[in-house]
Amino acid sequence: MSQVFDHQQIEAKWIQKWQETKLYKTPDINQGDQKKYILETFPYPSGYAMHVGHAKGYVGSDVTARYWRMKGYKVLYPMGWDAFGLPAENYAIKTGIHPRPNTENTIEVSKNQLNKIGLSYDWDREIGTHRPDYYRWTQWFFQFLYKRGLAYKKDSLVNWDPVDKTVLANEQVLADGTAERSGAVVEQRMMSQWFFKITDYADRLIDDLDKVDWPDSTKLMQRNWVGRSVGAEVDFRIEGSAEKIRVFTTAHDTIFGCTFVVLSPEHKLVDSVTTAENIALISEYKEQAKSKSQLQRTDLNKDKNGLFTGSFAINPINGEKIEIWVADYVLSNYGTGAVMGVPGNDERDFEFANKYSLPIIFTADKEEFISYSEKIKPEKIKHTLINSGKYTGINFEQARELILNDLINLGAGEAKLSFRLRDWSISRQRYWGCPIPVLYKPKENTGEGGMTDGDWEVELVPETDLPVILPEDVEFAPTGRSPLLDHKEFHQSAQKYGTGYKRESDTMDTFVDSSWYFFRYCSPVNDNTFADPEEMKKWMPVDQYIIGAEHSNMHLLYARFFTKVLFDAGLINFDEPFLRVRHQGMVAGEDARKMSKRWGNVVNPNDVCDEVGADSLRTYEMFMGPFKDGLPWSTSTIKGVKRFLDKVWKMQDKIVDVENEKIESSLHRLIKKIGSDIEDLSFNTAVAEYMKFSNLVDEIGGVSNSQFARFLKVLAPFAPFMAEEIWQNLYHKGQGFEAKNSIHKQLWPVFDESLTVDDEVVIGVQINGKTRGEVLVDEKDNSDSVLEKVKQDEKLVKYFEGEIVKVIYVPKRIFNVIVK
RNA sequence: GCCGAGAUGGCGGAAUGGUAGACGCGAAGGACUUAAAAUCCUUUAUCUUCGGGUGUGGGGGUUCGAGUCCCCCUUUCGGCACCA
């Protein structure tokens, strides 16, 4: 009789032995070897330990990695730390403890948690974005983009907290426009910031989505985020002026309905079109708009207001004279900052026209408002033009072409794609991030009264001097300035490049750190390049990336952008980094609320491991429901999973000499099903399959040695500790542990397809589409022979009084008789 | 408002257009026990006149057959938002 499964002692033993023997070391790989690169989002060690919700995604990845190893694939399954960023810095500010020791400490704690649940990472490949050997290459990427003309500086608005005197991230600004922390009303402030020119890649970021296997909803989110719209730019001559107003429109076929033009308050032509009597009002309006934050401007509850400038424009298509207005519902940073007002087509324009009694002309033979952006289904907007001069009666699609051509011929327009995507702002006025490797050289004749941005020239820090080290002794409490600005030595050290040189004091957005980490895993110890090209050829692209749906959009977009730039530079031979993306759902607390300290519903995986064991935790998290769904934690369900594993443990004592046929065929089905379920990430049904098998063994009363061995192998990815313990007990008892004898080094058992199908099966019998009974059919049966069987069935015979009109037999599925 | 994903027993959920409710939890009854825990066995969608009827948010439709496909509606959860 075996002892009870002492999970605490046994799991600790295997964690240690697996580490000692480097069981999960990444194998050497040759190009062309069958490989799988299994990736998952790396956590940010902010100061708080992980909870079981984090564990779920990791266990799912681990099961997959273990499976592919057993299938004979070379598997890269690494882990690291997304350590820079706001959470760690805020935790530091809160506790007064410097983020570095704090981060390293959290990493230690988290690493132990991950090991405790049996995740099979190759820790030799661990990376941390906050470590100089890593961020040296984050800085290289910055310079790489800069040299390719994809990093530039411009003035841009930031959220400014006047009380805390600091720049806020969007997530720190509440919906009412106040700061989350201080409660102050957030202002918009101009600041000179670094940008990456991701808009250069807008088209490819949409088009290349066709190449990858991602959830449709995720692809759609990316498409909508980039937001390509097909339209035209049209020039409206200003009456009595040589100037023209250029507008962007996605609906140039509605141009006959254009009854006014609206400029954004920031538009450069506002001043010149404003007539003398309107100057006072308009400049006041402009001032108001300036003081409004983007949030306020967009939260105005659709109350559109604006002012007439006093000038008129000429509609190029029909020569109509229309009023030029200024309104802040038009944004300066989208399109051209000016729109043609088409109240018959656009809801906002309609509201605006109503409010100020501007004319409304309908140009579509449908009253509903229509839009042409790509997200609207084409069949919903088919219509014919009305009130449109010579184009009246023409289908809108044709009209679009005709009108555009005519506008081009008139010299008053051109076809234009527009994108919603904006360039990526990467400057952060924060301490805990990667320094931007840039120097500022003072210009010769500096102006009087302090230096402004224009008095400096940008120079890259020489590559041989990278990394620019993030100083440790920095005052990281908020002061209203980039913490590095006031670090004397940091800037002093720039003097070696020339007198008066200073360093860039902002740090990079942490999205930059995480936009290339998956390359680094291919050769994490490497001083010569961000990742060895040969190693990348062997491992990349990523075969499976598991990431939470909530925060995947931006990250995926940025990582794809980096990949495409590297591809264009000839540094890699693929232009999409993640072949397959899947999402894992969050685990909520037992009260169905988000797990957080606030609700006191956080479950620490360590506690669960201590109580019921890591195998139970793992198997339960896979069993609780569909992997991609968010589900509440359930203490009672985990007991059921533990019950199942205890049964497996007891199977050791039920090994018999006779090989039962029923168990054998059930085992073949199991091997097949577990394999396909793991590949589909359908873990919950896989676990149900194990349970069925163990129930069958219970029923039969025994299992053969060979059958049990195969069962243990397919169980190993889910319950690696128990599988290993039993495996060693049965086959290597008394021997010292050797890596090659580990169950995790065994090959996945093969199944015989013919054994997975039953010769005989009970199917449902339908009479006129209603299920009335069942009948046992076998392989040889055809429609006629089944009908004979059905007619002989006592329960069914009564339905055959009428004439049989039709018989449908789907072999081994359903038998349906239509009787009159 | 727009976009996306959902809605199936008391609960979590299962189901290539083919016998709805696999598997687990919970519950009820029983066995073992002085007793409890643990374990094991049985039952468990629902109504029923025991023939059968009704059931996958609601209403239509396609089909021999719909949880699954199509149209409309209700509702829950995510994401985005004056994008011209």
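Residue numbers start from 1 in every chain, and the chains themselves are labelled A, B, ... in the order their sequence lines are given, proteins ahead of strands.
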**B:rG51, syn or anti by chi within 90 degrees of zero** = syn
**Message:** Measure CZ/A:R400 against C1'/B:rA84 and give the value in whole Å, please.
**Reply:** 12 Å
**Prompt:** Between atom CH2 in A:W649 and atom C1' in B:rU39, what is the gap in whole Å?
**Reply:** 18 Å
**Asked** For atom C1', what is the distance between B:rG18 and B:rU43, given to the nearest Å?
**Response** 29 Å
**Request:** Mind calculating the distance between CG (A:L557) and P (B:rC80) to the nearest angstrom?
**Result:** 14 Å
**Item:** Whole-angstrom distance between B:rA14 and B:rU48, as gauged at atom C1'
**Value:** 28 Å
**Asked** Considering only B:rA84, B:rG13, B:rG18, which nucleotide approaches the side chain of A:R813 most closely?
**Response** B:rG18
**Prompt:** Quantified in whole Å, what is the P atom distance between nucleotide B:rG57 and nucleotide B:rG6?
**Reply:** 13 Å
**Asked** Does a side-chain N-to-carboxylate-O contact under 4.0 Å join A:D210 and A:R223?
**Response** yes
**Prompt:** Taking atom P of B:rU39 as reference, at what distance in whole Å does atom CG of A:D653 sit?
**Reply:** 16 Å
**Message:** Quick check for you: among B:rA14, B:rC64, B:rA5, whose closest atom lies nearest to any side-chain atom of A:P626?
**Reply:** B:rA14
**Asked** Is any side-chain nitrogen or oxygen of A:K673 closer than 4.0 Å to OP1 or OP2 of B:rA15?
**Response** no
**Prompt:** Within the pair A:R223 and B:rC80, is there a side-chain N or O less than 4.0 Å away from OP1 or OP2?
**Reply:** no
**Centroid separation A:F260 to A:W325 less than 6.0 Å** = no
**Asked** Taking the P atom of each, how far is B:rG58 from B:rU74, in whole Å?
**Response** 15 Å
**Request:** Determine the interatomic distance between C1' on B:rA15 and the same-named atom on B:rC80; round to the nearest Å.
**Result:** 34 Å
**Stepwise side chain to side chain contact (heavy atoms under 4.5 Å, CB included) test for A:Y809 and A:D784** = CA-CA 9 Å; A:Y809 178 49; A:D784 293 338; over 6 Å; no
**Message:** Counting the atoms with a prime plus P, OP1 and OP2 as sugar-phosphate, which does A:L631 contact under 4.0 Å by heavy atoms, base, sugar-phosphate, or nothing?
**Reply:** sugar-phosphate
**Message:** Categorize A:P632 for me: base, sugar-phosphate, or nothing, with a 4.0 angstrom heavy-atom threshold over every strand shown.
**Reply:** nothing
**Request:** Provide, to the nearest angstrom, the distance between the NZ atom belonging to A:K642 and the P atom belonging to B:rA37.
**Result:** 18 Å
**Spacing of A:D349 atom CG relative to B:rG1 atom P, expressed in whole Å** = 20 Å
**Message:** For A:R669, is there an ion pair with A:D758 - N to carboxylate O distance below 4.0 angstrom?
**Reply:** yes
**Earlier contact from the 5' end, RNA chain B, for A:M340 and A:I814** = A:I814
**Request:** Using a 4.0 Å heavy-atom cut-off, write out nucleotides 22-29 of chain B from 5' to 3' as B (base contacted by protein), S (sugar-phosphate only) or - (no contact).
**Result:** BBSSS---
**Asked** When the ring planes of A:F644 and A:Y690 are compared, do they come out parallel, tilted or perpendicular, using 30° and 60° as the limits?
**Response** parallel
**Working for salt bridge (charged side-chain N to carboxylate O under 4.0 Å, His left out), residues A:E779 and A:K812** = CA-CA 8 Å; A:E779 199 72 53; A:K812 294 164 101 176; 3.1 Å; yes
**Message:** Let's see if you get this right: which residues in residues 756-768 of chain A place a heavy atom under 4.0 Å from RNA chain B?
**Reply:** A:V762, A:I763, A:G764, A:Q766
**Request:** Using Watson-Crick or G-U wobble geometry with both distances below 3.5 Å, tell me the partner of B:rA45, or none.
**Result:** B:rU54
**Message:** Need the glycosidic conformation of B:rG9: syn if within 90° of 0, anti if not. Which one?
**Reply:** syn
**Prompt:** Does B:rC25 pair with anything, Watson-Crick or G-U wobble, both distances under 3.5 Å, and if so, with which nucleotide?
**Reply:** B:rG10
**Request:** Rounded to whole angstrom, note down the C1' distance from B:rG17 over to B:rC11.
**Result:** 29 Å
**Request:** Look at atom NZ of A:K654 and say whether more than 12 heavy atoms of other residues, nucleotides or ligands are closer to it than 6.0 Å.
**Result:** yes
**Asked** What orientation do A:F693 and A:F711 show, parallel under 30°, tilted 30 to 60°, or perpendicular over 60°?
**Response** parallel
**Spacing between A:E699 atom CD and B:rC41 atom C1', to the nearest angstrom** = 13 Å
**Request:** Identify the nucleotide, in any strand shown, that forms a Watson-Crick or G-U wobble pair with B:rC80, with both distances under 3.5 Å; if there is none, say none.
**Result:** B:rG1
**Item:** Pairing partner (Watson-Crick or G-U wobble, both distances under 3.5 angstrom) of B:rU62
**Value:** none
**Request:** Rounded off to whole Å, could you give me the CG-to-C1' distance for the A:L220 and B:rC80 pair?
**Result:** 12 Å
**Message:** Could you tell me how far B:rU16 sits from B:rG67 if I compare only their P atoms? Round to whole Å.
**Reply:** 13 Å
**Message:** Closer than 4.0 angstrom, basic N to acidic O: yes or no for A:K642 and A:D646?
**Reply:** yes
**Request:** Taking atom P in both B:rG60 and B:rC41, compute the distance separating them and give it to the nearest angstrom.
**Result:** 46 Å
